[in-house]
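Data block below; observations after.
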2 protein chains.
Amino acid sequence: MTSRADAEHLLVVDDEATVRELLSATLRFAGFRVSSAGTAAEAISAATAEPPDLVLLDVMLPDIDGFEVVRRLREQRTGGRGGPVPVLFLTARDRQADKVTGLSLGADDYVTKPFDLEELIARIRAILRRTGGSYTGEITVGALALDTEGHQVTRDGRPVKVSPTEFRLLRYLMENAGRVVTKAQILDRVWNYDFGGDASIVDTYISYLRRKVDIGEPRLIQTVHGVGYVLREPRQ
Amino acid sequence: MTSRADAEHLLVVDDEATVRELLSATLRFAGFRVSSAGTAAEAISAATAEPPDLVLLDVMLPDIDGFEVVRRLREQRTGGRGGPVPVLFLTARDRQADKVTGLSLGADDYVTKPFDLEELIARIRAILRRTGGSYTGEITVGALALDTEGHQVTRDGRPVKVSPTEFRLLRYLMENAGRVVTKAQILDRVWNYDFGGDASIVDTYISYLRRKVDIGEPRLIQTVHGVGYVLREPRQ
DNA sequence: GCCCCGTACGTCAATCATGCTCATGGCCCG
DNA sequence: CGGGCCATGAGCATGATTGACGTACGGGGC
């Protein structure tokens, strides 16, 4: 799944190496191709070398500010698909956010640090979808459909009401349909990274999901004893 | 959705880089192609290079005043569609407004800073519509219809009286029908960008709207717990 | 033209209602 | 027997609603 040649190409720009690496690793795992840069100058040359489909940009950089970077990127129309590169801003939660808030309404979006990685990936996909990428807002497995933009789940076309956590869990399972995911992976991706509780919460939520969305035959959410869970359509 | 080659082309002229970026990002997201300029001289050369369909012009520029810019733009008949370029003036709320009002130059319009972005986009579309664009002034979702030009809302054909803020909120929800929008997004787009208050005001206005326009079945304004709100027609 | 008043609107805070999250623990299956 | 399943309920976060207050605006009287 990682780094296919046709995968979307992201450019991560942040001066903190830790953040940069965390992001790069996560995004690569999520199936993107990722470059990174620690300064504005690096960012611009990287974008010139290989035009990204999306730039993740820390607003506060050591050399010049993020807005200036955006301007320069756009001057060179470095968008991987022809148009201006969309930019997702990374910003601290303080008042800097306000400025960016205004700035970021739309193709440009923003997230405040510390951010939730699932959330981040969702935003990235939303932007790519809007700017002509190949993502559709809908994932389908068997009779189940999940609309990420509308936050709606349907089974055989009928809407099913699910809570936010249930939604995130189901989305994760559907994104990884056919692949077994461990409880640890689920905890990492679906719950906040600072979640302190017990992993058995995953059992509980799997149970909730089964009751709500997996009541018909065939069963889609399957347990792999001692390993984890997998959502798949049994072979026909 | 962004920046198709056939999208309307706007030119943003403002000497404050922040405002310029704010506008550019927002308008790009709204589907326009956008150029920008920080001075009158830049504006004129940009308009010559690629004739815009509409100019957004700050009245107070460092080099020469906005009206002079308009005169020069029109001398060169730089309108993207043949006629004189329509201009949307950006002005402070104080005395400047009167001057612009007095101008009353046909297709032109003005907004006072601080403006809310939804309002701005609506005005832009209104002008483009008048000058030959393709936008219609009406949005419909289910039994609800909203006339962006006449500032009128009807439910099953019967008019509903809504306040200005209620109108902007409903318009935003209708423009994003089927997509969940967070309270933060609503605050960003529906309230002035310098609104400092609490996000709970959104709840309040949702409540107002429901009482006024969402009293029949099926309910169109739905709450997505922990995420935001969405206006949609339930599946049939 | 000026002032006064009433209405409408926007904002905030308090209260109430909802429903979500998560720990616990008993039972069952592999 | 360990791992998984799921019912239960406490505590908490979120949302809905309403009332109160301040202000802007418009109309009418002087």
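First the proteins, then the strands, lettered A, B, ... as listed; each starts at 1.
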* Could you verify whether a donor N or O on one side chain and an acceptor N or O on the other, from A/Asn176 and A/Tyr229, lie under 3.5 Å apart? =>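 A/Asn176 vs A/Tyr229: no donor-acceptor pair found between side chains.
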Rounded distance in Å - [atom1] ([X]) to [atom2] ([N]):
X: A/Arg210; N: D/dC6; atom1: CZ; atom2: P; result: 6 Å
X: B/Ile215; N: D/dT17; atom1: CD1; atom2: P; result: 13 Å
X: A/Leu209; N: D/dC6; atom1: CG; atom2: P; result: 12 Å
X: B/Ile221; N: D/dA16; atom1: CD1; atom2: P; result: 10 Å
X: A/Ile206; N: D/dG4; atom1: CD1; atom2: C1'; result: 11 Å
X: B/Ile186; N: C/dG10; atom1: CD1; atom2: C1'; result: 17 Å
X: B/Leu169; N: C/dT11; atom1: CG; atom2: P; result: 12 Å

* Are OP1 or OP2 of D/dG15 and a side-chain N or O of B/Lys183 less than 4.0 angstrom apart? ->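 B/Lys183 to D/dG15 OP1/OP2: side-chain N or O found under 4.0 Å.
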* Determine: side-chain N/O of A/Thr223 to OP1/OP2 of D/dC5, distance under 4.0 Å, yes or no. =>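 A/Thr223 to D/dC5 OP1/OP2: side-chain N or O found under 4.0 Å.
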* Asked: Can you say whether the rings of B/Phe167 and B/His151 are parallel (under 30°), tilted (30 to 60°) or perpendicular (over 60°)?
  ->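 B/Phe167 and B/His151: parallel rings.
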* Parallel, tilted or perpendicular: which fits the ring planes of B/Trp191 and B/Phe195, with parallel below 30° and perpendicular above 60°? ->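 Tilted.
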* To do: Examine distances only and state if a side-chain atom of B/Asp53 and a backbone atom of B/Glu8 form a donor-acceptor pair shorter than 3.5 Å.
  =>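 Judged by distance alone, no pair lies under 3.5 Å.
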* Please work out if A/Tyr229 contacts a base, only the sugar-phosphate, or nothing of the nucleic acid, heavy-atom cut-off 4.0 Å. =>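 Counting heavy atoms under 4.0 Å across all strands, the contact made by A/Tyr229 is with sugar-phosphate only.
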* Asked: Does the distance from a Lys or Arg side-chain N to an Asp or Glu carboxylate O, for A/Arg125 and A/Glu175, drop under 4.0 Å?
  ->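 Looking at A/Arg125 and A/Glu175, the cut-off is met.
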* Carboxylate-amine/guanidinium proximity below 4.0 Å for B/Lys183 and B/Asp203 ->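 B/Asp203 and B/Lys183: salt-bridged.
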* To do: Evaluate the side-chain proximity of A/Val160 to A/Glu166: yes if any heavy-atom separation is below 4.5 Å, no if none is.
  =>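 They are not in contact (no side-chain heavy atoms under 4.5 Å apart), so the answer is no.
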* Start at the 5' end of DNA chain D and walk down; is the nucleotide closest to A/Arg211 or to A/Val227 reached first? ->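 Looking at DNA chain D, the more 5' nearest nucleotide goes with A/Val227.
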* Looking at B/Leu88 and B/Leu54, what are the two nearest heavy atoms and their distance? ->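 Heavy atoms of B/Leu88 and B/Leu54 come nearest at N-CD1, 4.0 Å.
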* For A/Thr165, side chain to side chain donor-acceptor pair (under 3.5 Å) partners two or more places apart ->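 Partners of A/Thr165 by the side chain to side chain donor-acceptor pair (under 3.5 Å) criterion, ordered by chain and then number, come out as A/Arg168.
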* Determine, for nucleotides 12-24 of chain C in 5'-to-3' order, which nucleotides have protein heavy atoms under 4.0 Å from the base (write B), from only the sugar-phosphate (write S), or from neither (write -). => BB------SBBSB
* **Angle by which the axis turns from one end of the helix from C/dG1-D/dC30 to C/dG30-D/dC1 to the other, five pairs per end, to 10 degrees** =>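 About 30° separates the two local helix axes.
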